[in-house]
Q: 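Okay, handing you the structure first.
Note that ligands are numbered from 1 as they come in the structure, with each ligand's atoms numbered from 1 the same way.
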Amino acid sequence: MAAVRRTVMEVLNGSTVTPPPIWLMRQAGRYLPEYRKTRAEAGSFLDLCYTPDLATEVTLQPIRRYAFDAAILFSDILVIPDGLKRNVHFVEGSGPKMDPIDEAGIAALEPSGVLHHLNPVIEAVAKIRSRLPEETTLLGFCGAPWTVATYMIAGHGTTDQAPARLFGYRHRQAFEQLLAVLAELSADYLVAQIDAGADAVQIFDSWAGVLGEDEFEAYAVQPMARIIRSVKSRRPQAKIIAFAKGAGLNLRHYRQKTGADMIGLDWSVPLSFAADLQKDGPVQGNLDPMRVVAGGKALDEGIDRILSVLGHGPLVFNLGHGITPDANPDHVTQLVKRIRG
Ligand code: CP3
């Protein structure tokens, strides 16, 4: 019997795979009618995340439809604040909400019960791995400390993360303490996901792009380096993808300083710069999700450009951020066909 190839793992190990393996950020989500159905049955979004059978079902939905090369665990980056008892809830149409944290709240955080709280997610990882086709890579994930902290400080999403930036200037010590707690928990959580069957993990720093130079170093680079060091010291074979949205020109330095195996690229990263980055190691991205909404020529042209500039080196094809609820599932079929031929 031929050896089973997990192509995303091959790219993570530095190989060029042609055509490149494909998965899409937020591939399990509201653009899929079958997701909306399971989501409605689950009741709340967190119930969906914490019920292993349902989390497994929605993780597998996009794999059944498109045979993507990787599945990503269905969960959310905000399950860590939920485990820290920040009263997290997802309000239909207005995104996540939680109790905003202050200095006293940071001092009172109790990380010890969080991993236990996340047991259902770890159970889902094992279940998903046992149901996935052998050749499909399973990705675990968590949020980066900075991005998770922005929601914890504001108590909701914002467009520029002004509350967290301000908190960092006013209460630097408490803020660094929060980032340290999140980094440590995230590392333990990723190790648990790897032990349960995740082949590799991705760390999402979706709000890295709003930071000034010094803050990028202190809030994005250092906590990410800390997590990666911690995971790799315990699981030396672990492969880690870092997605720092909006980090632009910082990405070369970011890879070197954090030790990430693959760098995720948002759609604003120029492909000439991405090609340079690819000389240092694998990259993932970076199609504008709006091209998937548009479909047709805009979609084909965006794909072709990425393949022509990055397709001759280690690349995992992906979007530059999550697929949006208004994307037509048929356009994803078009995307997969265009890449695989
Ligand atoms: O990619 C996947 O398919 C796996 C699942 C996944 C979700 N969230 C499911 C989800 C992943 C990897 C995430 C990560 C996440 N969550 C990030 C980082 C990546 C990014 O998109 O920037 C962030 C910042 C969050 C926090 C979050 N969760 C927000 C801001 C929202 C509301 C915005 C929105 O899209 O509704 C969520 C909710 C959420 N997480 C949904 C899904 C499918 C939609 C909620 C629903 O189905 O009711």
Q: Name the closest protein heavy atom to atom 40 (N) of ligand 1, giving the residue it belongs to and the distance to 0.1 Å.
A: Asp76 OD1, 2.7 Å
Q: Applying a heavy-atom cut-off of 4.0 Å, say which part of Arg39 lies close to ligand 1: side chain, backbone, both or neither.
A: side chain
Q: Hey, which atoms in ligand 1 end up nearer than 4.0 Å to a heavy atom of Ile72?
A: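 Near Ile72, meaning under 4.0 Å from one of its heavy atoms, ligand 1 has 1 (O), 2 (C), 3 (O), 4 (C).
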Q: Among protein heavy atoms, which lies nearest atom 23 (C) of ligand 1, and at what distance?
A: Ile77 CD1, 3.4 Å
Q: Closest non-hydrogen protein atom to atom 32 (C) of ligand 1, residue and atom name please, with distance?
A: Pro96 CD, 3.6 Å
Q: Check the side chains of Asn13 and Ser15 for a donor-acceptor pair under 3.5 angstrom, ignoring hydrogens and angles.
A: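 Per modelled atom types, Ser15 and Asn13 side chains form no pair under 3.5 Å.
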Q: Just to confirm my output: which protein heavy-atom neighbour is closest to atom 21 (O) of ligand 1, and how far is it?
A: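 Heavy-atom neighbour on the protein nearest atom 21 (O) of ligand 1: His321 NE2, 3.2 Å.
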Q: Could you check atom 36 (O) of ligand 1 against the protein and tell me its nearest heavy-atom contact, residue, atom and distance included?
A: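 Result: Arg30 NH2, 2.8 Å.
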Q: Output yes when Asp99 and Lys85 qualify as a salt bridge under the 4.0 Å nitrogen-oxygen rule, no when they do not.
A: no
Q: Would you kindly say whether Ser44 and Asp47 are connected by a side-chain donor-acceptor distance under 3.5 Å?
A: yes
Q: Measure the acute angle between the ring planes of Phe243 and Phe204, then classify it against the limits of 30° and 60° as parallel, tilted or perpendicular.
A: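 Perpendicular: the ring planes of Phe243 and Phe204 meet at over 60°.
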Q: Compare all side-chain heavy atoms of Val283 with those of Arg255 and state whether any distance is below 4.5 angstrom.
A: yes
Q: Are Thr38 and Gln61 close enough that a side-chain donor and a side-chain acceptor fall under 3.5 Å?
A: yes
Q: Given salt bridge (Lys or Arg N to Asp or Glu O under 4.0 Å), test Glu134 with Arg6 step by step and report yes or no.
A: CA-CA 8 Å; Glu134 277 295 310; Arg6 289 193 183 151; 3.5 Å; yes
Q: In sequence, state the C-alpha distance, the side-chain angles, and the governing distance for Ser268 and Asp266, and then conclude on side chain to side chain donor-acceptor pair (under 3.5 Å).
A: CA-CA 6 Å; Ser268 73; Asp266 68 72; 2.5 Å; yes
Q: Please round to the nearest 0.5 Å and tell me the distance separating atom CG of Leu24 and atom CG of Leu287.
A: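 Those atoms lie 8.5 Å apart.
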Q: Any atom of ligand 1 sitting under 4.0 Å from a heavy atom of Pro325?
A: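 Outside the 4.0 Å threshold, so no.
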Q: Counting heavy atoms only, which of Ser44, Ala55, Ser75, Gly29 is nearest atom 9 (C) of ligand 1?
A: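 Nearest option to atom 9 (C) of ligand 1, by heavy atoms: Ser75.
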Q: Which heavy atom in Leu315 sits nearest to a heavy atom in Gly285, and how many Å separate them?
A: CD1-O, 4.1 Å
Q: Report the member of Trp23, Phe45, Tyr35 with the shortest heavy-atom distance to atom 47 (O) of ligand 1.
A: Tyr35
Q: Measuring from the heavy atoms of Thr59, does anything fall under 4.0 Å of ligand 1?
A: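 No, Thr59 has no heavy atoms under 4.0 Å from ligand 1.
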Q: Considering heavy atoms of the protein only, find what lies nearest to atom 38 (C) of ligand 1 and give residue, atom and distance to 0.1 Å.
A: Phe90 CE2, 3.6 Å
Q: What protein heavy atom sits nearest atom 13 (C) of ligand 1, and how far away is it?
A: Arg26 NE, 3.7 Å
Q: In terms of atom number and element, which parts of ligand 1 are under 4.0 angstrom from non-hydrogen atoms of Phe204?
A: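 That gives atoms 12 (C), 18 (C), 19 (C) of ligand 1.
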Q: Would you say Trp207 contacts ligand 1, with heavy atoms under 4.0 Å as the rule?
A: no
Q: So which protein heavy atom does atom 18 (C) of ligand 1 come closest to, and at what separation?
A: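 In this structure, atom 18 (C) of ligand 1 has Ser206 OG, 3.2 Å as its nearest protein heavy atom.
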Q: Determine the interplanar angle of the Tyr254 and Phe216 rings, folded into 0 to 90°, and report it as parallel if under 30°, tilted if 30 to 60°, perpendicular if over 60°.
A: tilted
Q: Should the proximity of Tyr151 to ligand 1, defined as any heavy atom under 4.0 Å, be assigned to the side chain, the backbone, both, or neither?
A: side chain
Q: Looking only at distances, please establish whether an N/O atom of ligand 1 is found under 3.5 Å from an N/O atom of Ala28.
A: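 Yes; at least one N/O pair falls below 3.5 Å.
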Q: Quick one: look at Pro62 and ligand 1, take heavy-atom pairs under 4.0 Å, and tell me if it's side chain, backbone, both or neither.
A: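 Neither; nothing of Pro62 gets under 4.0 Å from ligand 1.
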Q: I'd like to check Tyr189 versus Val79 (side-chain heavy atoms, cut-off strictly below 4.5 Å). Are they in contact?
A: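 Counting from C-beta outward, Tyr189 and Val79 do come under 4.5 Å.
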